[in-house]
Number of protein chains: 2
Amino acid sequence: MAITAATELDRTSGSAEHAHTAVWIATVLRGRIAAGELTPGSKLSEQSLSMALGVSRNTLREAFSVLAGESVVTKIPNRGVFVASPGIEEVREIYRVRRMIEPAAALWGEVTPEVLENMEAVVERAQTARDAGSVADMADANQALHSAVVGLAGSESLRTLMDRVLAEMRLVFHAMASAPDFHSHYVDRNVQLVERLRAGQREDAAAGLRAYLDSAEAELVGHLARDATAEQPRTS
Amino acid sequence: MAITAATELDRTSGSAEHAHTAVWIATVLRGRIAAGELTPGSKLSEQSLSMALGVSRNTLREAFSVLAGESVVTKIPNRGVFVASPGIEEVREIYRVRRMIEPAAALWGEVTPEVLENMEAVVERAQTARDAGSVADMADANQALHSAVVGLAGSESLRTLMDRVLAEMRLVFHAMASAPDFHSHYVDRNVQLVERLRAGQREDAAAGLRAYLDSAEAELVGHLARDATAEQPRTS
DNA sequence: TGGAGCAAAATTGTTGAACAATCTGCCAAA
DNA sequence: TTTGGCAGATTGTTCAACAATTTTGCTCCA
């Protein structure tokens, strides 16, 4: 799995410009991690990566700094940096955050007709994905919906926080041994959520969201706990 | 104002250890900015600062990366990094965030007796500070209270976000021409907030918080707008 | 066989110097 | 007054080196 000693990057032909190497490299790595090419827990060696990406060790280090700031990557002093590999505690934290900001946005955000239409398009996308059995599309649509919910708050910072949280969620899914159709149960809930928002039933929407998040967390944590115990037995 | 060409830092005698120079330097700079030694908008020259702090330019650069990630500092490509200097739009964003996460924490957080007692101690501190006319202590207590409110959510990430936001608020105050006793009006509101939390009136607490944040934002924005127009008149 | 201890090798942390790219300020020319 | 352009300064990035720390591999001993 290690470091996919990649074909040297072409920094001129890419769609985005050279864009100040360090942040560019951070973007590349973020992308590879999100795409699952770099799996959670794997080590990012400075030497190998700087070679593979064709940048100096110093520049790569700067990129690591920004990724560590986003907690996409974990830095252990004198040991190196590793792709973040969120466990049960991290999942709990994720849901602590979501359980605050999503219902808050639903309750107090500004619900405009355009946003509502976008949301309806997204849930529809989720429904057709479910019918087609496409787990990936379903997950995407699900995340898009909840991102849009937070968007109701109109706050750039909260959006950023939510995006980070959702990125961490994707890592959780990547790290999970078996990938159950985690999302299919929740499509209907999302439909209901959007309906409530359209009807102006803010408090119901918020309460429903909290219930949804509670059960999603429980399911995920349960699954992870099972995975953990299944993986544990080694030397002893 | 510029860069306070400091007496070379002693990295061994400090309370915190050497702690991997880059983050150590970030800590030092963060502290100096918070203390107002480095004023908003002032430029942080790589050469001067690396000299003054006794670290290499590369290491300083890494420190800049982490501070930029916290938006304590603003990085302009090929121009340099500057101490963040939040304006009206940033203040609006700050309050967008606070108006979501503070009432959410008040509504749905876990209110324990210990936290309540802490809060009561803090509001008392604010009251005595007001009576003593100590603006700084009042501001501290005020921020401590609202930090504690977000703490009700039990989420590390939200706490971090709130701390960043409050740090930005301090920058706003630093940058303000005249410092009105902004906080004194709000001490009583805070008392009421804690009373409501103790009484279990969550919704009232949340509603009161939102109202409080609305008027605080209005006052701040008004003040900043006046400052801006007062400073504007230049060439045209 | 199975460690315990220890030296060698590899990796990270940090530095200093160098050079390209970009910006700033200044001075001359139109 | 405006435009053009030329130094000089500053940032962006690389390279090579060395100290500090971790990891690896090996020998030796019970």
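Atom set for the values below is all heavy atoms of this structure, side chains included, hydrogens, waters and symmetry mates excluded. Note on naming: letters A, B, ... go to the chains in the order of the sequence lines (proteins, then strands), and numbering restarts at 1 for each one. Owing to the predicted nature of the structure, the values given are computational and were not obtained by experimental measurement.
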Heteroatom pairs (N/O) under 3.5 angstrom, protein to nucleotides 18-20 of chain D:
none

Exercise for review: Among residues two or more places apart or on two chains, list those pairs meeting ring-ring contact (aromatic ring centres under 6.0 Å, His included) that have a residue in residues 138-168 of chain A.
Suggested key: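 Passing the test, one end in residues 138-168 of chain A: A/His146-A/Tyr212.
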Review point. Whole-Å distance between C/dT11 P and A/Arg61 CZ?
Key: 14 Å
Review point. Could you give the CD1-to-P distance, from A/Ile76 to C/dT11, as a whole number of Å?
Key: 16 Å
Check your understanding: In whole Å, what is the span from the CG atom of B/Asn58 to the C1' atom of D/dT14?
Key -> 9 Å
Point to revise | Which residues share a ring-ring contact (aromatic ring centres under 6.0 Å, His included) with B/Tyr95, sequence neighbours left out | key: none
Point to revise | Proximity to DNA chain D (any heavy atom under 4.0 Å), residues of residues 79-86 of chain B only | key: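 Going residue by residue through residues 79-86 of chain B, the ones with a heavy atom under 4.0 Å of DNA chain D turn out to be B/Arg79, B/Gly80.
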Review item, side-chain donor-acceptor pairs of residues 162-175 of chain A, under 3.5 Å, at least two apart:
from	atom 1	to	atom 2	distance (Å)
A/Arg164	NE	A/Glu70	O	3.4
A/Arg164	NH2	A/Ser71	OG	3.3
A/Arg170	NH1	A/Gln143	OE1	2.4

Check your understanding: Among residues 62-70 of chain A, which contact DNA chain C at a heavy-atom distance under 4.0 Å?
Key ->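 Nothing qualifies; none.
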Check your understanding: Phosphate oxygens OP1/OP2 of D/dG12: is one of them under 4.0 Å from a side-chain N or O of A/Thr21?
Key ->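 Checking A/Thr21 against D/dG12: no side-chain N or O falls below 4.0 Å of OP1 or OP2.
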Exercise for review: Please report, rounded to the nearest Å, how far the C1' atom of D/dT10 is from the CG atom of B/Leu49.
Suggested key: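 Result: 13 Å.
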Practice item. Send over the distance from A/His20 NE2 to C/dT22 P, rounded to a whole Å. Key: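 These atoms are roughly 8 Å apart.
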Atom pairs and distances, donor-acceptor, side-chain atoms in residues 76-91 of chain A, under 3.5 Å, two or more places apart:
from	atom 1	to	atom 2	distance (Å)
A/Glu89	OE2	A/Arg96	NH2	2.8
A/Glu90	OE1	A/Gly87	N	2.8

**Study point:** Partner residues of A/Ser215 under the side-chain contact (heavy atoms from CB on, under 4.5 Å) criterion, sequence neighbours left out
**Key:**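 Partners of A/Ser215 by the side-chain contact (heavy atoms from CB on, under 4.5 Å) criterion, ordered by chain and then number, come out as A/Tyr186, A/Arg189.
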Check your understanding: About how many Å separate CG of A/Leu60 and CG of A/Leu49, when rounded to the nearest 0.5 Å?
Key ->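 Answer rounded to 0.5 Å: 5.5 Å.
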**Study point:** 5' precedence on DNA chain D between B/Glu46 and A/Leu60 (nearest-nucleotide basis)
**Key:** B/Glu46
Point to revise | Separation of atom CD in A/Gln47 from atom C1' in D/dA16, rounded to whole Å | key: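 So the CD-C1' distance, A/Gln47 to D/dA16, works out to 12 Å.
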Exercise for review: Could you pull out all residues at least two apart from B/Ala68 that satisfy side-chain contact (heavy atoms from CB on, under 4.5 Å)?
Suggested key: B/Val73
Review point. Given D/dT14, is OP1 or OP2 found less than 4.0 Å from the side-chain N or O atoms of A/Thr59?
Key: yes
Check your understanding: With sequence neighbours excluded, what pairs up with B/Ala26 under the side-chain contact (heavy atoms from CB on, under 4.5 Å) test?
Key -> B/Arg30, B/Ala63, B/Val66, B/Leu67
Check your understanding: With side chains defined as the heavy atoms from C-beta onward, is the minimum distance between B/Leu158 and A/Met100 less than 4.5 Å?
Key ->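 Counting from C-beta outward, B/Leu158 and A/Met100 do come under 4.5 Å.
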Check your understanding: Quick one: which of C/dT15, D/dT11, C/dT11 gets closest to the side chain of B/Lys43?
Key -> D/dT11
Review point. Who pairs with A/Asn58 by side-chain contact (heavy atoms from CB on, under 4.5 Å), at least two apart in sequence or on another chain?
Key: A/Ser56, B/Asn58
Check your understanding: Can you list every salt bridge (Lys or Arg N to Asp or Glu O under 4.0 Å) pair that touches residues 46-59 of chain A, not counting sequence neighbours?
Key -> A/Glu46-A/Arg57, A/Glu46-A/Arg61
